[in-house]
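Input: a single structure, listed below in structure tokens.
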Amino acid sequence: MRWTRYFLNTLREVPADADVISQKLMMRAGMIRKVAAGIYTYLPLGLRSIKKLEHIVREEMNRAGAVELSMPAIQPAELWMESGRWQKYGKELLRIKDRHERDFVFGPTHEEVITDTVRDAINSYRQLPVNLYQIQTKFRDEVRPRFGLMRGREFIMKDSYSFHTSRESLDETYEAMRQAYTAIFHRCGLDHVAVEADTGNIGGSASHEFMVLAQSGEDAVVSCPKCRYGANIEKATSKFFDDEPEPAPMQELAPIHTPGTQSIEDVGRFLGKPTSQLVKTLVFDTDEGPVMVLVRGDREGNEIKIKNHLGVTWMEMLADSRFEEATGGPVGYCGPVGTKCRRVLADVSLKGRANWIVGGNKRDTHISGANVARDFPEPEWGDFTTVFAGDPCPRCGTALEIYRGIEVGHIFKLGTKYSDSMHCTYLDEKGERQSMIMGCYGLGVGRTVASAIEQSHDADGIIWPMPIAPFEVVVTSVGKEESVVNMATELYEKLLAAGVDVLFDDRDERPGVKFKDADLVGFPLRIAVGAKSLANGQVEWSFRKDRAKQLGAPEEVLARVIDEVKKARV
RNA sequence: CGGGGUGUAGCGCAGUCUGGUAGCGCACCUGCUUUGGGAGCAGGGGGUCGGAGGUUCGAAUCCUCUCGCCCCGACCA
């Protein structure tokens, strides 16, 4: 491709609303253009990277035994009512009506449609297992889209769904998908980890997330440097509270006057005690009423763990305006003794400890010497706090580390959640009807491309890993001399003939402009043809990653460049 | 959802407080010079000032409403 006939315009200035580096660079490099909040056009250059990644994804999915199909983006509401998610999915589900006032959704995911498809086509255990995938545009109406392609509303996703007659069969496919994902991200040159994850409102049992490690990541992952335990922070556990403390004699219940101490830090300072010796009280509003959660004062409550324990679909911090009415105490002085909350949860970090200092459910008052069972009913015990860096690994006890990551893939063992509600069944060997056991596997295509940039760039622009670079090589002509233009053209054509993805920068621009653009766009390899070196029978070539310039005879450089491209394609 | 901000040429911005009929840089077009890391000079094209309504002789500017976009917060008890 010649630049002068391509559709590629770089921006010298950064659009004001870009907030992460990948978004800035993709906009500046002419890869994407924002059309509305969280909605982008993939310009030709951006589309090339997307297509390259899609190609890798298809190869690995096919290799792992998955079969491609394509389902509609627009889906009838009936399917979502059948699965129950028409009610449960919330505002992220874009609902639309057709001219007949019939309800549809723009699919954020395709469990319903695939389940409908498979129950129709498959009746016998002989036809199972199957694993079907598609690469397609989805829409999730995010509250606050940001970070360019990393958190858009419209986005391209590879999603696949497998159907099985047994847990063992699901385990096999799950493992095959785990390996396929690892292969995909490895081929893209991405530094990534697979971690245990929460299943969220997709539902199901086991689940792993694939995280590309990057400072700008929205998720935190907990990782053990020794035994390779890895988990999303929403899910991670530690061994921290395994040992029970020494039993202590119970003290009398006694009120303490603690004016103006609403936060746990204030209370600790006021009483001269470390926050670890206090009890922090959180109150959540749920669709089943207010719930009180007690955690050790120096720990943080983990909403995901709490929500999963409660089994509620909606939960948020109790609004101040409803606080007194719901708990019977003022904000900041809430506690389990005499509370109106019917459900009280307590973190295991408090188990076995006597004489708690808690809020007194009265203004400016805390209570000391509060004891489980004697002063308030036995709470529901569980792991309700978030792991901190340095906590001991739940498997081997080594100090855990916390990293930031971008979630680029997520695989689930769904079980029979959808096959039950949507009656996706088959007849087994005995002629008995059984629900199919399902798995589902998602991979964010745009997000993966963006994460590659987050992980690999410098002050001048993108540094593409070769496999998903929009072009593998750029040939830059420096100057208008006939010899230069002829040599550049010749090299370009020979690269094309050799099957190399090459862009010929044949623009009538000053060298500085061409070089800056080449760095910005991030072509992994560059060949520059200039009059001076050409007079000595030489052209220059360099890698974007180190920009070290090497000179050589044209044929020799050509051979080296082709060789480098081929090497990177394996 | 709550709070804050912002909307002026393709991109980045000034002008708004104190109303007087729109400007700068980049990009774009023409010419000359220049040519290995975002050139210089000269000339030029391009804007319903987000939208609607109002005040006024006169509105980008003041008022009301509305829409878009951005940021921050939503573990604080």
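Just the heavy atoms: all of them, side chains too, but no hydrogens, waters or symmetry mates, feed the values below. Note that the structure is predicted; figures quoted are calculated from it, not measured.
- Figure legend. B:U55 is base-paired to no nucleotide; pairs are counted as Watson-Crick or G-U wobble with both atom distances under 3.5 Å.
- Looking at A:E454 and A:S22, their side chains do bring a donor and an acceptor atom within 3.5 Å of each other.
- Scanning for ring-ring contact (aromatic ring centres under 6.0 Å, His included) contacts around A:W464 gives an empty result, with sequence neighbours left out.
- Atom P of B:G10 sits at a distance of 16 Å from the matching atom of B:C29, rounded to the whole Å.
- Applying the side-chain hydrogen bond (donor to acceptor under 3.5 Å, both in side chains) rule to A:Y229 yields no partners; only residues at least two apart in sequence or on another chain are considered.
- Using P as the reference atom, B:A39 and B:U34 are 16 Å apart when rounded to the nearest Å.
- Distance noted for atom C1' between B:U8 and B:C24: 12 Å (whole Å).
- For A:S276, there are no side-chain hydrogen bond (donor to acceptor under 3.5 Å, both in side chains) partners, not counting sequence neighbours.
- Across every strand in view, B:C41 sits in a pair with B:G31 that passes the Watson-Crick or G-U test at under 3.5 angstrom.
- Looking at residues two or more places apart in sequence or on another chain, you find a ring-ring contact (aromatic ring centres under 6.0 Å, His included) between A:F504 and A:Y492.
- Across the P atoms, B:C28 and B:G4 are found 42 Å apart, a figure rounded to whole Å.
- Comparing the P positions of B:G15 and B:G2 gives a spacing of 31 Å, expressed to the nearest Å.
- For A:R404 and A:D219, the salt-bridge test fails: no basic side-chain N is under 4.0 Å from an acidic carboxylate O.
- For the P atom pair drawn from B:C65 and B:C26, the interatomic distance equals 41 Å after rounding to whole Å.
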Between the protein and nucleotides 46-51 of chain B, are there any N/O to N/O pairs under 3.5 Å, and if so, what are the atom names and distances?
none

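- Taking the six-membered ring for Trp and the full ring otherwise, A:F376 and A:W356 have centroids separated by under 6.0 Å.
- In this structure, B:G46 forms no base pair with any nucleotide, since neither Watson-Crick nor G-U wobble geometry is met with both distances under 3.5 Å.
- Here the rule is side-chain hydrogen bond (donor to acceptor under 3.5 Å, both in side chains) with A:R299, and of A:D391, A:D347, A:T386 only A:D391 fits it.
- Using a cut-off of 4.0 Å between Lys/Arg side-chain N and Asp/Glu carboxylate O, A:E490 and A:K494 are scored as salt-bridged.
- In this entry B:G25 has B:C11 as its Watson-Crick or G-U wobble partner, both defining distances falling under 3.5 Å.
- Of the N and O atoms on the side chains of A:T385 and A:K305, not one donor lies less than 3.5 Å from an acceptor on the other residue.
- The closest side-chain donor-acceptor pair between A:D505 and A:T476, if any, does not fall under 3.5 angstrom.
- When the C1' atom is compared between B:C1 and B:A74, the two are found 8 Å apart, to the nearest whole Å.
- Among A:N361, A:T281, A:D364, the single residue meeting the side-chain hydrogen bond (donor to acceptor under 3.5 Å, both in side chains) criterion with A:Y333 is A:D364.
- RNA chain B is contacted by both A:H366 and A:R526; A:R526 maps to the nucleotide lying nearer its 5′ end (nearest heavy atom per residue).
- For the C1' atoms, the distance from B:C13 to B:G47 is 14 Å, rounded to whole Å.
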Under-3.5 Å N/O pairs linking protein and nucleotides 3-7 of chain B:
none

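- Near RNA chain B, defined here as any heavy-atom distance below 4.0 Å, the residues from residues 530-545 of chain A are A:G530, A:S533, A:E540, listed numerically.
- Using modelled atom types and a 3.5 Å distance limit, the side chains of A:D506 and A:T4 yield a donor-acceptor pair.
- Comparing A:F284 and A:K549 along RNA chain B, the residue whose closest nucleotide (by nearest heavy atom) sits nearer the 5' end is A:K549.
- Residue A:V14 is classed as a sugar-phosphate contact, given heavy-atom separations below 4.0 Å to backbone atoms only.
- For RNA chain B, the residues of residues 20-42 of chain A within the heavy-atom distance limit of 4.0 Å (strictly under) are A:R28, A:K34, A:A37, sorted by number.
- Using a 4.5 Å cut-off on side-chain heavy atoms (C-beta onward), A:V279 and A:I357 make no contact.
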Can you name the atoms? Protein N/O to nucleotides 25-30 of chain B N/O, anything below 3.5 Å, with the distance.
| residue | atom | partner | partner atom | Å |
| --- | --- | --- | --- | --- |
| B:G25 | N2 | A:E13 | OE1 | 2.6 |
| B:A27 | OP1 | A:R12 | NH2 | 2.9 |

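- Within the shown strands, B:U6 is the pairing partner of B:G68 under the Watson-Crick or G-U definition, both distances less than 3.5 Å.
- For residues 365-378 of chain A, every residue pair satisfying the side chain to side chain donor-acceptor pair (under 3.5 Å) rule, not counting sequence neighbours, is listed here: A:T258-A:H366, A:N355-A:N371, A:E378-A:W381.
- A search for ring-ring contact (aromatic ring centres under 6.0 Å, His included) contacts involving A:F543 returns A:W541, not counting sequence neighbours.
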Listed pairs under 3.5 Å, donor-acceptor, residues 28-47 of chain A side chains, sequence neighbours left out:
| residue | atom | partner | partner atom | Å |
| --- | --- | --- | --- | --- |
| A:R28 | NE | A:L11 | O | 3.0 |
| A:K34 | NZ | A:D17 | OD2 | 2.9 |
| A:Y40 | OH | A:Q23 | NE2 | 2.8 |

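- Contact of A:D517 with B:G38 (side chain to base): a donor-acceptor pair of N or O atoms is detected under 3.5 Å.
- Across all strands shown, nothing is found opposite B:C76 as a Watson-Crick or G-U wobble partner with both distances under 3.5 Å.
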